[in-house]
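Contents: one structure, followed by commentary.
Computed from a predicted structure; not experimentally measured.
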Amino acid sequence: MLRTTRPGSLSGPVAALAAAGLLTLTACAPAPQPVDLMAAAGTAAEVITADILEEPIRYLSDDALAGRGPGTEGDATARRYLAEQLGALGYQPGAADGTWEQPFDIVGITTDSPETWSFRKGGRNLDLAFWDDFIAGSGVQSPTAEVQDAEVVFVGYGIVAPEHGWDDYKGADLSGKVLLMLNNDPDWDPTLFDGNRRLYYGRWTYKYESAAAQGAAGAIIIHTTPSAGYPFQVVQTSWTGPQFELPAGDEARVQVAAWVSEEAAGRLTELGGHSLDDLVEQARSREFAPVSLGVTTSLSLTNELERTQTANVLGLLPGRDPELAGEVVVFTAHHDHLGVGTPDDSGDTIYNGALDNASGCSQLLAIARAFKQLPEPPRRSLLFAFVAAEEQGLLGSAFYARNPTFPAGKIAANVNYDGANIWGKAKDIGFIGYGKSSLDAIVDKYAAEQSRSVKPDQFPDRGFFYRSDQFNFAKIGVPAIYFDTGTEFEGRPDGWGKEQIEAWERVQYHQPSDQFTDEWSFDGMVEDARLGFHCGLEIAEADRMQSWNPGDEFEATRLEALATVASAP
């Protein structure tokens, strides 16, 4: 390094003598001992207990917070609580302006849908019933959304994926049309779209984006429980009531974004003279081209718009290493849920979100507590980010990714918690995204210390990697860990764990019944939180940044982000 002499500093022989004296004094002083945080980690992790986890879950999922809907008083109460907890633990406010919150605007759209949606061909009409047959939402942030006398075209999966040699549109002019499309992505061939592992091409968000890119007026996704990973009741409860988005830019949008049940889709294609089964079979080919049903439809939606604000809650623990403190490990959990909505059979209207995701917030607070038990902070900084509006389309993490408090190339990794293990001690742990990055080895190491095996996504057809907040970090190049509940439980027969998880999804996912009960077991939740603590510490102490595996879909973005910070002055 080129060194310059400051005005007033010593130089020449005098400086040499001073330096020699300094060396003598240094030699006489005791050398600082290196900090071995890894040796202290076991004791620190012991503060993560069932009692520590239970209290935040009870508080955040209490009826008093009314389901923590974005922009509500319950949302603000949850944010205040999380900031207070971080402050009590000794964390610093982590937002760019020196506060605990990173606020952002959201636009709430409450759509008044007609009771029926009519489709016509020749002299025949088909009326689909709202709620039972279809759910329609506005694709635009305006007082009305409508399609008028639009042609309905079946477009298979609605996917354009050059890297897979796949194009469902084949250059057809689809401007102003309503596109009927299958959920998921091609999953019958392991050489196509990673086989049964759902990619982003299979997500509902991609479907609407894809239709908008074609200039379509509307898009209708055909729901099936296997293709969605949840029953139609989740569509009914999740896509009605206020729907929140980040303020619209100049991106293409459909006017109407809808779902129909599989049975209703069959009646619609029959009106067009086609069997739904036959159309699905045609869509299972690269040669598929759009099929006009010869059906037209009109639909007018009235929207109530509300611009409000929510916020990410950010707590920072600065790193101790002068060279690495500018890098960070980001822990995330979303603090929102669905608020107050459609009553269930018991009349309950509060969607408490105890498992999803008061439990994840509690695990983050417990991990933050464990880090403060260490004798010194890790080399890299730690950011605990309780992100907002995840249930509305990962909005809080999307806003953070666009406005990060650390450059993407300085974020070593993201560790995300979204739904805890409430069923007991597991012999395994799910890692959503296993096989994608250098993080595999770290998770393998610490899971082995717990005598547990690490498994890739046990429900690969659900596309979980693209359904929680780590996805937005991956999109800016950040390698991510997203833990999922194991499926092999101690003292339980084979298959029991999968049965419990699937039963919870059928009955409680995005329903008022997602509440804390005394039947919850914390044994597995404690282990999973301790695992995240150990993995996060290893990442924060490592000499090198984490990386995606060669050829991964996010590798190029990571390399670009690293190059950007390397070239910065």
What I want to find out is whether [X] reaches [Y] closely enough, with some N-O distance under 4.0 Å, to be called a salt bridge.
X: D457; Y: R198; value: no
X: D321; Y: R379; value: yes
X: R79; Y: D75; value: yes
X: E541; Y: R320; value: yes

Expected output: side-chain [X] to main-chain [Y] donor-acceptor under 3.5 Å:
X: K372; Y: A44; value: no
X: R68; Y: N352; value: yes
X: Q243; Y: T240; value: yes
X: T310; Y: P70; value: no
X: T99; Y: A95; value: no
X: D348; Y: S513; value: no
X: S362; Y: A358; value: no
X: E391; Y: H337; value: no
X: Y417; Y: F331; value: no
X: E555; Y: G551; value: yes

Does a side chain donor of either [X] or [Y] reach within less than 3.5 Å of an acceptor in the other side chain?
X: Q85; Y: Y59; value: no
X: N416; Y: H334; value: no
X: T191; Y: D189; value: yes

> Do Y400 and F473 make the cut of ring centroids closer than 6.0 angstrom?
Replying inline: yes
>> Measuring centre to centre across the rings, with the benzene-like ring taken for any Trp, is Y466 within less than 6.0 Å of Y206?
In response: no
Between [Y] and [X], is there a side-chain heavy-atom distance shorter than 4.5 Å?
X: L355; Y: W504; answer: yes
X: K410; Y: E327; answer: yes
X: H223; Y: Y230; answer: yes
X: E390; Y: S468; answer: yes
X: I106; Y: Q392; answer: no
X: P378; Y: L324; answer: no
X: I429; Y: Y434; answer: no
X: Y208; Y: I221; answer: yes

Shortest non-hydrogen separation from [X] to [Y] and the atoms involved:
X: Q363; Y: A529; answer: NE2-N, 3.9 Å
X: A385; Y: V330; answer: CB-CG1, 4.2 Å
X: F386; Y: C361; answer: CE2-O, 3.5 Å
X: W100; Y: Q92; answer: CZ3-O, 3.4 Å
X: L86; Y: A368; answer: CD2-CB, 4.4 Å
X: A40; Y: P375; answer: CB-CD, 3.8 Å

Residues two or more places apart in sequence or in another chain: which of them pass side chain to side chain contact (heavy atoms under 4.5 Å, CB included) with [X]?
X: P186; value: Y157, I159, W166, W188, F193
X: A398; value: L246, N472
X: A413; value: L439, I539, Q546

>> Counting neighbours of CZ on R369 that are heavy atoms of other residues, nucleotides or ligands and sit closer than 6.0 Å, is the number greater than 12?
In response: no
> Should we say atom CD of E163 is surrounded by more than 12 heavy atoms from elsewhere, each under 6.0 Å from it?
Replying inline: yes
Tabulate below the donor-acceptor pairs under 3.5 Å that side-chain atoms of residues 474-502 make, not counting sequence neighbours, or state none.
residue	atom	partner	partner atom	Å
T487	OG1	D428	OD2	3.3
E488	OE2	K455	NZ	2.2
Q500	NE2	W496	O	3.4

>> Taking side chain to side chain donor-acceptor pair (under 3.5 Å) as the criterion, tell me which of N312, D97, T405 meets it with Q102.
In response: N312
>> Show every salt bridge (Lys or Arg N to Asp or Glu O under 4.0 Å) that has at least one partner inside residues 412-424, sequence neighbours left out.
In response: none
>> Quick test of your reading: applying salt bridge (Lys or Arg N to Asp or Glu O under 4.0 Å), list the pairs with at least one residue in residues 430-450, sequence neighbours left out, ordered by first then second residue.
In response: K436-D552, K436-E553, K445-E538
